[in-house]
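First up is the structure itself, then whatever we jot down about it.
These values consider heavy atoms only, across backbone and side chains, with no hydrogens, waters or symmetry-generated copies. Letters go in sequence order (proteins before strands), and every chain restarts at 1.
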Amino acid sequence: MQKRERFRRFIEYFTQHYPDPKTELNFGNPFELLVAVILSAQCTDKRINQISPALFARFPEPESLAAASVDEVFSYIRSVSYPNNKAKHLVGMANILLSKFGGEIPATVDELQTLPGVGRKTAHVILSVVYNEPTMAVDTHVFRVSHRIGLAPLTATTPLAVEKALMAHIPKQYVPKAHHWLILHGRYVCLARSPKCEICALREFCKYYEKLLVVSQ
DNA sequence: ATCCCGAGGG
DNA sequence: CCCTCTGGAT
């Protein structure tokens with residue numbers, strides 16, 4: 001199947017099944033989203049949503065988080081992955097947010113990436129969700145699923161390469177949705193270890209299902 | 001043993 | 001490029 005046809009089928013299928021896809025992280029404002037996305041690295045959204053209510057109640061804005069001790073922040077996030085690193089990142093992030101950006105969430109990739117704990121993926125999530133920009137954040141799900149269903153070539157071995165492949169072929173108006181479609185599909189159908197190919201509507205043009213693809217990431 | 005909406009440092 | 005961080009679910 002041609003590349004163009006794969007993208008067309010992909011968009012057609014998910015437009016019907018997930019008309020309005022969005023993040024499953026709970027948040028009430030851009031600051032809370034930034035905190036939640038930093039915490040979500042190598043951790044399930046479900047777990048973040050379990051600890052975020054108490055965290056947001058104690059640190060509702062950059063000021064309280066910047067003034068907090070790393071130990072106290074740690075006590076709120078001890079059940080997520082890499083709590084030591086993330087506690088330092090959160091306090092550092094809040095301080096930079098206040099000193100460099102007046103407490104506002106930056107709106108460019110370069111500025112966002114100056115914040116501790118914020119890499120390209122997190123920056124693109126913020127740009128997409130907060131500022132409605134057509135950016136493609138490539139996480140573990142996007143990376144894996146894109147390869148399996150042939151939206152990215154196997155030669156795209158880095159998240160940036162996958163990002164470029166997707167951006168080159170997905171119409172701008174579908175980019176934010178496609179980001180969430182790939183995540184939802186990866187989370188609930190196209191699982192890393194034992195993908196549910198028997199219920200997958202995309203298997204007819206899936207390289208993984210054809211066993212032409214063995215790599216994950 | 002492997003994976004989860006990665007990032008920082010060497 | 002590599003390595004480390006490191007809790008909980010499957």
T108(A) versus E111(A), side-chain donor and acceptor atoms under 3.5 Å | yes
Given the C1' atoms of dG8(C) and dG8(B), what is the spacing between them in whole Å?
-> 23 Å
Selection: residues 176-188 of chain A, any non-hydrogen atom under 4.0 Å of DNA chain B = H179(A), H180(A), I183(A), R187(A)
Between CD1 on residue I11(A) and CZ on residue R6(A), distance to nearest 0.5 Å = 14.0 Å
Length of the NZ-P vector between K22(A) and dC5(B), whole Å | 18 Å
Atom P, compared across dC3(C) and dC5(B): separation rounded to whole Å = 24 Å
Report yes or no: do L112(A) and L98(A) belong to one cluster of Ile/Leu/Val/Met/Phe/Trp/Tyr joined by side chain heavy-atom distances under 4.5 Å?
-> no
Mind checking the CG-NZ spacing from L160(A) to K164(A)? Nearest 0.5 Å is all I need.
-> 4.5 Å
No-hydrogen, no-angle side-chain donor-acceptor test under 3.5 Å, K86(A) and S81(A) = yes
Taking only side-chain nitrogens and oxygens of R144(A), does any of them come within less than 4.0 Å of OP1 or OP2 of dC4(B)?
-> yes
Think T140(A) has a side-chain N or O under 4.0 angstrom from the OP1 or OP2 of dC4(B)?
-> yes
Nearest-nucleotide comparison on DNA chain C, the residue closer to the 5′ end among T158(A) and N85(A) | T158(A)
Tell me: CD of E163(A) to C1' of dC5(B), nearest whole Å?
-> 14 Å
Winner on side-chain proximity to D139(A), out of dA7(B), dC5(B), dC4(B), is dC5(B)
Rounded to the Å, how far apart are E24(A) CD and dC4(B) P?
-> 14 Å
F14(A)/H185(A) under ring pair (Phe, Tyr, Trp, His ring centres under 6.0 Å): CA gap, chis, key distance, verdict = CA-CA 9 Å; F14(A) 282 102; H185(A) 191 60; 5.3 Å; yes
Extract from the structure each pairing of a protein N or O with an N or O of nucleotides 8-10 of chain B at less than 3.5 Å, listing the distance.
| residue | atom | partner | partner atom | Å |
| --- | --- | --- | --- | --- |
| dG8(B) | OP1 | G117(A) | N | 2.7 |

Tell me, yes or no, whether the heavy-atom count around Y174(A) atom OH, taken from other residues, nucleotides or ligands under 6.0 Å, exceeds 12.
-> no
Round to a whole Å and report the spacing from CG of L39(A) to P of dC4(B).
-> 18 Å
Measure from the side-chain N and O atoms of R203(A) to the backbone N and O of C197(A), and report whether any donor-acceptor pair falls under 3.5 Å.
-> yes
Distance in angstrom units between I38(A) CD1 and dC5(C) C1', rounded | 16 Å
In Å, rounded to the nearest 0.5 Å, how long is the span from OH of Y13(A) to CH2 of W181(A)?
-> 11.5 Å
Can you give me the N/O atom pairs linking the protein to nucleotides 7-10 of chain C at distances under 3.5 Å, or say none if there are none?
| residue | atom | partner | partner atom | Å |
| --- | --- | --- | --- | --- |
| dG7(C) | O4' | V80(A) | O | 3.3 |
| dG8(C) | O3' | R47(A) | NH2 | 3.0 |
| dA9(C) | OP1 | R47(A) | NH2 | 3.3 |
| dT10(C) | O2 | R193(A) | NH1 | 3.3 |

May I ask you to decide if I48(A)'s main-chain N or O and S52(A)'s side chain share a donor-acceptor pair within less than 3.5 Å?
-> yes
Who are the side chain to side chain contact (heavy atoms under 4.5 Å, CB included) partners of S64(A), not counting sequence neighbours?
-> R58(A), F59(A), P60(A), E61(A)
Base, sugar-phosphate, or nothing: which does T23(A) touch, judged by heavy atoms less than 4.0 Å apart?
-> base
Rounded distance in Å - CE (M136(A)) to P (dC5(B)) = 17 Å
CD/E63(A): more than 12 non-hydrogen atoms of other groups inside 6.0 Å | yes
Inter-nucleotide P distance (dT6(C), dG10(B)), Å rounded | 16 Å
How about H147(A) and R144(A): does a side-chain donor come under 3.5 Å of a side-chain acceptor?
-> no
Sequence neighbours left out, what passes salt bridge (Lys or Arg N to Asp or Glu O under 4.0 Å) with E163(A)? Give chain and number order.
-> R120(A)
Interface with DNA chain B, restricted to residues 61-69 of chain A and to heavy atoms under 4.0 Å | none
